[in-house]
There are 2 protein chains.
Amino acid sequence: MPGTIDSILSDHCRLDRDRPILAGVSGGPDSLCLLSSLYESGWKVIAAHFNHMLRLEAEEEAAAVEALSSRLGIPFAGGKGDVREYSADEKLSLETAARALRYRFLFAQAHRYQAQAVAVGHTADDQVETVLMHFLRGAGLNGLKGMPYCTTLQEYDAEIPVVRPLLDLWRSETVAYCAAHDLQVHYDLSNDSLDFLRNRVRHELIPALETYNPRFREALWRTSRTLAADQELLNAALEPLWQQALLRQAGQYISLNLNLLSGQPPGAQMHLLRRAVQCLIPGHDIGYSDLQRAVAFLADPGNDRADFTGGLFLLCEVDVLYVASSGSSLPTDQWPQMPEEAGSQAFESPFSAGLASGWRFLAESCALEDLGGDRRWEDAGPLEAWLDLQSLPGSLELRVRRAGDRFEPLGMAGHSQKLSDFFVNAKLPARARERWPLVCAGDEVLWVPGYRPAHLHRVQPRTTQVLHLRVLPPE
Amino acid sequence: MPGTIDSILSDHCRLDRDRPILAGVSGGPDSLCLLSSLYESGWKVIAAHFNHMLRLEAEEEAAAVEALSSRLGIPFAGGKGDVREYSADEKLSLETAARALRYRFLFAQAHRYQAQAVAVGHTADDQVETVLMHFLRGAGLNGLKGMPYCTTLQEYDAEIPVVRPLLDLWRSETVAYCAAHDLQVHYDLSNDSLDFLRNRVRHELIPALETYNPRFREALWRTSRTLAADQELLNAALEPLWQQALLRQAGQYISLNLNLLSGQPPGAQMHLLRRAVQCLIPGHDIGYSDLQRAVAFLADPGNDRADFTGGLFLLCEVDVLYVASSGSSLPTDQWPQMPEEAGSQAFESPFSAGLASGWRFLAESCALEDLGGDRRWEDAGPLEAWLDLQSLPGSLELRVRRAGDRFEPLGMAGHSQKLSDFFVNAKLPARARERWPLVCAGDEVLWVPGYRPAHLHRVQPRTTQVLHLRVLPPE
């Protein structure tokens, strides 16, 4: 039950009949059928032809597409580019260079004509070849489901979609259509034939597979449709879990709730990880072994960072899993951090200062008797500290760490340790340590916000004056 | 990260180390590796060899397996069957006949030795070949995920599972294992080589595909593992919907909540239908086109029955969808039906009679004034009727329909219709009509239980005596 061109454009791609579509037209049977049937079905269409300058006949083909457009009264946009030169300059294969120049041209023209979509002439045969190539290299659902009717190619344009209205039509049908409509077909070998693997699959492998099943192409087409439906269903079924797990989605990273993720069966973990990858690198078909390594990584408490797939890495921080591109800057606003410019700041209470990302630091002193018997220091949370003011050894300072800093946490009398060891033991992520705010007096660390005050300066029976320190998260 | 034999048997198949496993041993490298490594890992194992009597060397091979078993101190069960004769008698291919006799033997021995499972020597190569054969004919997730570690073969035994502990091991590894353990390998060509397609896939197609990707077998193995995880996830995610939709599961049919099903997107409908098929015909891999036809059938109110897949049919009845094998008897206990033996029964009120499946019929008469002003007949539900007793034309009878029965329903004065037309208009399923109970007097139908009483005998202002009729569903 293949979709018709109209149902694909209206129902699947949700295009608007009142806005133009730009059709990429090479002059071959598929793209001529595309152009003519869009025109026939009453869609507003612009014909765009790109000359790859790879063959002598190319000029002639461009002229033929232009002539057809003019005969049908369709706007024509022609362009050319020296693919050979571009491929040499950029060290790309001819195929990759041709595709890059062609799509760049198509999207530029789509903007110029305010087109709602770029239509390309991929057929059911192209679909079967694509799926088969994915199959050969070992794909999952995402690869085996094949090309969608409607997609965006992020690398060219984030807004205007590429649509494939012929995806349910066989190549033989486009050829028959052109014959029936008296459309003169040019076979531009500089286009598809650059793809060596695709050609071998088309001309060698598929005929070989048809000796096993004469209806192999139809069978594989159905397989891809079934798997596409399965993937859609899986995404829909796991949408609530994804929404629950997703903490933050930025351009270069996604953060997930690590506790929630760890509690899921491996299949669900793989699904969520794959989905994160698809958000970060649309179209990247992650392999099973990468997913398996990632699941093993999540189960291994000894490791907090691992390479993942497609240049992404995984980072576990306390209860957060980051999936991030290498070189991306991960957020720090979940922590108190000294502002970028500030290394150290002397202060006297009362004092208040802004930290990075909207956090604040506050210091107040008072006489213990002013608290009226309220022993609030006994249930101080990690974001506040109460110190014996008179025991403090020098003038107060808010600063980042220094080499040689030592710390004796409350409750650990006689166990002075290197601050760096304290951070490690506290499992504070390494990237948070550099600008972690510290309250010090001279060389002594009085309080590590988020953790404990110094044992030596705790509130004691003899204490009369207290220093109350706080960090406040952004509102 | 392939599973080891131990983890497959313990974690995936949940077998018990204290109970024996029966291993099917042909004498080839896979099954010798199976037998010996089960023995080495400390599992209690019985060696079972079946002689297909297809080749002269078969006796020798049986003797070799028996000798190895005796050397290892493993119980040995030998059997033989004339596959050629059986295949001729039953008009089966040699391959199907060999498989049938072999599995019948293995399960018989498994019972005899009280084995918890039958272990077979399928390897990762067998898995890849199986998946590839499914791929060639156009499979969905169920076919592409390949053979499971643990399954039941309903056609042979509903209780004892078949387990495949070597499924993550390549054939080259079993050969190397046998060499390292000095196990003498016999290649029983009467087994696998009977499968012409599998042999072509193994010896022709896979080497051809390896020219596209030298690691094709590993790639396909990973694909099958990914898809198996996806299918498991999909089943788990849609389990609540399945439980909600499932009304009844019997050996030959499954009934689903048609309203719930119709409200789902096509992907979910396909999933539920596929699951119903898997319950009725385990291992049947339903194709996409069958599923698409079924979804189209559900959307088409003009049709209440359609052929489905694997000899199953679909039947819509009111708010129930049946997925059923042809020839299965669908339930009738949701309706009042006359008992099998009873065609007609004269009665006088008060009267009470049992109908089929625990339903009951009750008749009582009383004076209208005994109701004390309670006009209960005005909100009589479809399972009761109130009639003007004195207007009734003859003696009362509870019976099935007769040719020529006519009926004038309450509220439709002057619109007497054939009872058969009334049933059609009321959308009563055809199979319910034959034994539907009717309350009659002579030729007149007084009440069609579940529907309306006769207009002519309704309670009127002049009524003094009423007849109260009821059918009661089983408790």
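Computed from a predicted model, the values in this text were never measured in an experiment. Just so it is clear: chains get the letters A, B, ... in the order the sequence lines come, proteins before strands, and each one is counted from 1.
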Does a sphere of radius 6.0 Å around [atom1] in [X] hold more than 12 heavy atoms from other residues, nucleotides or ligands, not counting ones at 6.0 Å or beyond?
X: A:E232; atom1: CD; answer: no
X: A:D307; atom1: CG; answer: no
X: A:Q278; atom1: CD; answer: yes

Below 4.5 Å, heavy-atom pairs only: which of A:L238, A:L234, A:L227 has the largest tally toward chain B? A:L234

Given A:R215, A:E210, A:E204, the one with more heavy-atom pairs under 4.5 angstrom with chain B than any other is A:E204

Does any non-hydrogen side-chain atom of [Y] lie less than 4.5 Å from one of [X]?
X: A:L144; Y: B:T223; value: yes
X: B:F135; Y: A:N213; value: no
X: A:D230; Y: B:D230; value: no

Greatest number of non-hydrogen atom pairs under 4.5 angstrom with chain A, of B:L220, B:L241, B:L136, falls to B:L136

For chain A, the option from B:A139, B:A229, B:A228 that forms the most heavy-atom pairs under 4.5 Å: B:A139

If I take atom [atom1] from residue [X] and atom [atom2] from residue [Y], how far apart are they, to the nearest 0.5 angstrom?
X: B:L233; Y: A:L272; atom1: CG; atom2: CG; result: 8.5 Å
X: B:R200; Y: A:T211; atom1: CZ; atom2: OG1; result: 4.0 Å
X: B:L291; Y: A:R222; atom1: CG; atom2: CZ; result: 11.0 Å

What one should report as the nearest heavy-atom pair of A:G138 and B:A219 is CA-CB, 3.6 Å

Under 4.5 Å to a heavy atom of chain B? For A:I286 that would be neither

Hydrogens and angles aside, do B:T226 and A:R274 bring a side-chain donor and acceptor to less than 3.5 Å of each other? no

